[in-house]
Structure formats: C-alpha cells, structure tokens
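Structure first, commentary second.
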Amino acid sequence: QVQLVESGGGLVQPGGALRLSCVVSGSAVSIDAMVWYRQSSGTQRELVATIIGGSKTNYADSVKGRFTISRDDAKNTGYLQMNNLKPEDTAVYYCNADLWMILEGLTRKTYWGQGTQVTVSS
C-alpha cells in the first residue's frame, strides 16, 4: 500500500530552477533516509543527494552548491530544490526512501518512486 509519488519535473531553460517533491503515502511510516537518484538514457543510475536522520546531507560533486535536499517528516514528504540547472542535469529523477513501518513492528523497508523527467534545454 505504501508508495512514493514524485512530481515537479518538466522542461526548463539552462539557469532555471525546479523543485521536486516525493510524497510517501499509505500506511503509517517514519522516514529514516531519503535519497535522490537520476538516470540519463543509456547510462548508469547516479546518486544525486541523500538526507539521513533529517539533517545529515550529502551531494554528488556535480550538483554541489546548486541542489538542496530536504524533507518534512510531518508531511512524509521529501524535496530536491534544483537551481542553476544545466543541460547535463537532464535525466529521470528517482526518489528512494528507507522507511520504518510504524504499524508493522518498526520493520525497515525500502521504496522507490516512479521517476520524474527533468529536461534542461534552450
């Protein structure tokens, strides 16, 4: 029943900005860690940003200073703010979350979003 629903992708010009959202819906859960990945056509999936414990963050070198990962645990929602976008940021972006299942004895499960397309082009 739990699923991750991503939104916020689209077509933007170089230098533009987008904010991706990842809503965790379904049974009662608590987010342990949330991760954003991206994958271009024919390439290996790349880790973009992580947030662990609600505060510890890490970023790929290619997005440092431009992207910001955050989350609102009260809404069970994660975000990826992407500023100063470049054509090389074009990819499908995926949300991944490690969740504590509150009504299932605090077991830990991992879920993936369906992906949202980000295209940066003039």
Side-chain angles (χ1 to χ4, degrees):
Q1 190 75 3
V2 173
Q3 60 180 351
L4 275 56
V5 180
E6 296 163 287
S7 62
L11 174 64
V12 298
Q13 295 182 338
L18 287 173
R19 189 193 193 198
L20 306 184
S21 298
C22 178
V23 179
V24 180
S25 63
S27 301
V29 299
S30 178
I31 301 174
D32 182 16
M34 182 166 282
V35 184
W36 287 92
Y37 294 85
R38 68 186 182 187
Q39 186 171 21
S40 301
S41 297
T43 68
Q44 188 174 14
R45 186 162 54 197
E46 173 191 19
L47 190 151
V48 176
T50 66
I51 183 165
I52 302 172
S55 60
K56 182 178 175 60
T57 60
N58 288 283
Y59 300 91
D61 289 341
S62 58
V63 306
K64 285 182 179 177
R66 300 188 297 119
F67 290 12
T68 302
I69 187 171
S70 63
R71 72 197 216 193
D72 185 341
D73 288 345
K75 299 179 179 179
N76 278 340
T77 301
Y79 305 95
L80 184 67
Q81 179 67 48
M82 306 185 295
N83 297 327
N84 192 24
L85 285 162
K86 304 176 180 180
E88 50 264 43
D89 295 319
T90 296
V92 178
Y93 285 71
Y94 297 92
C95 177
N96 170 276
D98 290 334
L99 308 176
W100 294 105
M101 314 305 292
I102 297 175
L103 301 181
E104 299 178 14
L106 290 180
T107 56
R108 190 167 176 265
K109 296 183 178 180
T110 300
Y111 291 87
W112 286 88
Q114 80 287 350
T116 184
Q117 177 71 49
V118 172
T119 302
V120 185
S121 176
S122 60

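What you see is a predicted model, and the numbers here were worked out from it, not measured in a lab.
Considering every non-hydrogen atom in both F67 and V48, the closest pair reads CD2-CG1, 3.7 Å. Across T77 and I31, no two heavy atoms sit closer than the pair N-CD1, 4.4 Å. Of all non-hydrogen atoms in L106 and W100, the two that sit nearest each other are O-CE3, 2.9 Å. In terms of heavy-atom proximity, A17 sits nearest to V12 at O-CG1, 4.2 Å. T90 and S40 make their closest contact through O-OG, 3.0 Å (heavy atoms, listed as atom of the first residue, atom of the second, distance). Minimum heavy-atom separation, G78 to W36: O-CZ2, 4.3 Å.
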Which atom pairs, donor and acceptor, lie under 3.5 Å between side-chain atoms of residues 113-122 and protein residues at least two apart or in another chain?
| residue | atom | partner | partner atom | Å |
| --- | --- | --- | --- | --- |
| Q114 | OE1 | E6 | N | 3.4 |
| Q114 | NE2 | E6 | O | 3.1 |
| T116 | OG1 | G9 | N | 3.3 |
| Q117 | NE2 | A91 | O | 3.4 |
| Q117 | NE2 | T119 | OG1 | 3.3 |

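Screening residues 28-41 for salt bridge (charged side-chain N to carboxylate O under 4.0 Å, His left out), with sequence neighbours left out, gives D32-R108, R38-E46, R38-D89.
Separation of atoms CG (L85) and CE (M82) is listed at 5.0 Å; rounding is to 0.5 Å. Atom CZ of R71 sits about 8.5 Å away from atom OG of S55, to the nearest 0.5 Å. Atom OG of S70 and atom CG of L80 lie 8.5 Å apart (nearest 0.5 Å). If you take CD1 on I51 and OH on Y79, they are separated by 12.0 Å, rounding to the nearest 0.5 Å. Residue T68 holds its OG1 atom at 6.5 Å from CG of N83, rounded to the nearest 0.5 Å. For the atom pair CE (M34) and CG (N96), the distance works out to 8.5 Å, reported to the nearest 0.5 Å.
Aromatic ring pairs are classed by plane angle as parallel below 30°, tilted from 30° to 60° and perpendicular above 60°; the pair W112 and Y37 is tilted.
Clustering ILVMFWY residues whenever any of their side-chain heavy atoms sit less than 4.5 angstrom apart, transitively, puts Y59 in the very cluster that holds Y93. Connection of V92 to V35 is established within a shared hydrophobic cluster, with ILVMFWY side chains joined at heavy-atom distances below 4.5 Å, either directly or through further cluster members.
Residues passing the salt bridge (Lys or Arg N to Asp or Glu O under 4.0 Å) test with R45: none are found, sequence neighbours excluded.
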